[in-house]
Amino acid sequence: MSEKELRKSMSVFPIGTVIKLTDLSARQIRYYEAQKLVTPKRTDGNQRTYSLNDVDRLLEVKDWLKAGYDMAGIRSIYQEKSATTTIQWEEHRLTDNDVRRLFYDDILSESRLGATTPFKRS
DNA sequence: TTTCTAACA
DNA sequence: TGTTAGTA
């Protein structure tokens, strides 16, 4: 893993900063952590500290939600293991972009309708 | 002041 | 998900 990636994985900001960066509520951010969508580190007084990668992941989660995914669906998208190598990380990005491209039209139509119309299969 | 956990009018 | 209570 390059130094640049190490920095992206470095947990540095508190939840307050993440809220501003993602426009998600603290409630949602903590809930997504419980769903294993992000894994912030804990510091001093049990405070959560997020990395750039965590913020990026949260922003992607917002896209999945807009595309109509539910927690279970998003959870299945990222079922990565503890050891995330550089190559696996890159592949993960490509996969995300491909899927996002697939739902591009859906996301646009959702925006036009102004309302969220969840579509899930069983 | 900010964040944390737990719980619910 | 929002929001509130009582802490650290």
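The structure displayed is predicted, hence computed values, not measured ones. Values reported hereafter were calculated over all heavy atoms of this structure, with side chains retained and with hydrogens, waters and symmetry mates removed. Convention: sequence-line order gives letters A, B, ...; per-chain numbering from 1.
- In this structure, the side chains of A:Met71 and A:Leu65 come closer than 4.5 Å at one or more pairs of heavy atoms.
- The closest donor-acceptor contact from the side chain of A:Ser11 to the backbone of A:Pro40 lies at 3.5 Å or more, if one exists at all.
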Watson-Crick and G-U pairing of DNA chain C, under 3.5 Å, as dot-bracket with | and [ ]: .|||||.|
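- In this structure a side-chain-to-backbone donor-acceptor pair under 3.5 Å is present from A:Asp54 to A:Ser51.
- A:Arg75 contributes no side-chain N or O that, together with a main-chain N or O of A:Lys36, makes up a donor-acceptor pair within less than 3.5 Å.
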Considering only distance and modelled atom types, tabulate donor-acceptor pairs under 3.5 Å from the side chains of residues 15-26 of chain A, sequence neighbours left out.
{"unit_1": "A:Thr22", "atom_1": "OG1", "unit_2": "A:Val18", "atom_2": "O", "d": "2.8"}
{"unit_1": "A:Thr22", "atom_1": "OG1", "unit_2": "A:Leu24", "atom_2": "N", "d": "3.3"}
{"unit_1": "A:Ser25", "atom_1": "OG", "unit_2": "A:Gln28", "atom_2": "N", "d": "3.0"}
{"unit_1": "A:Ser25", "atom_1": "OG", "unit_2": "A:Gln28", "atom_2": "OE1", "d": "3.3"}

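- Phosphate proximity of C:dT1 to A:Ser25: absent, as no side-chain N or O sits under 4.0 Å from OP1 or OP2.
- Look at CG on A:Leu24: it is 8 Å from P on C:dT1, rounded to the nearest Å.
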Test log, rule side chain to side chain contact (heavy atoms under 4.5 Å, CB included), inputs A:Arg42 and A:Gln47: CA-CA 5 Å; A:Arg42 294 303 186 104; A:Gln47 304 288 93; over 6 Å; no
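- Rounded to whole angstrom, the span from the OH atom of A:Tyr31 across to the P atom of B:dT3 amounts to 22 Å.
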Each nucleotide N or O in nucleotides 4-7 of chain B that has a protein N or O under 3.5 Å away: list the pair and distance.
{"unit_1": "B:dC4", "atom_1": "OP1", "unit_2": "A:Arg48", "atom_2": "N", "d": "2.9"}
{"unit_1": "B:dC4", "atom_1": "OP1", "unit_2": "A:Arg48", "atom_2": "NE", "d": "3.0"}
{"unit_1": "B:dC4", "atom_1": "OP2", "unit_2": "A:Arg30", "atom_2": "NE", "d": "3.1"}
{"unit_1": "B:dC4", "atom_1": "OP2", "unit_2": "A:Arg30", "atom_2": "NH2", "d": "2.6"}
{"unit_1": "B:dC4", "atom_1": "O3'", "unit_2": "A:Asn46", "atom_2": "ND2", "d": "3.2"}
{"unit_1": "B:dT5", "atom_1": "OP1", "unit_2": "A:Arg42", "atom_2": "NH1", "d": "3.0"}
{"unit_1": "B:dT5", "atom_1": "OP1", "unit_2": "A:Arg42", "atom_2": "NH2", "d": "2.9"}
{"unit_1": "B:dT5", "atom_1": "OP2", "unit_2": "A:Arg48", "atom_2": "NH2", "d": "2.1"}

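- Per the geometry, CG belonging to A:Asp70 stands 15 Å off C1' belonging to C:dT1, to the nearest Å.
- Remark: A:Glu33 CD to A:Tyr50 OH distance equals 5.0 Å, nearest 0.5 Å.
- For A:Val55 against A:Phe13, the heavy-atom pair with the smallest separation is CG2-CE1, 3.6 Å.
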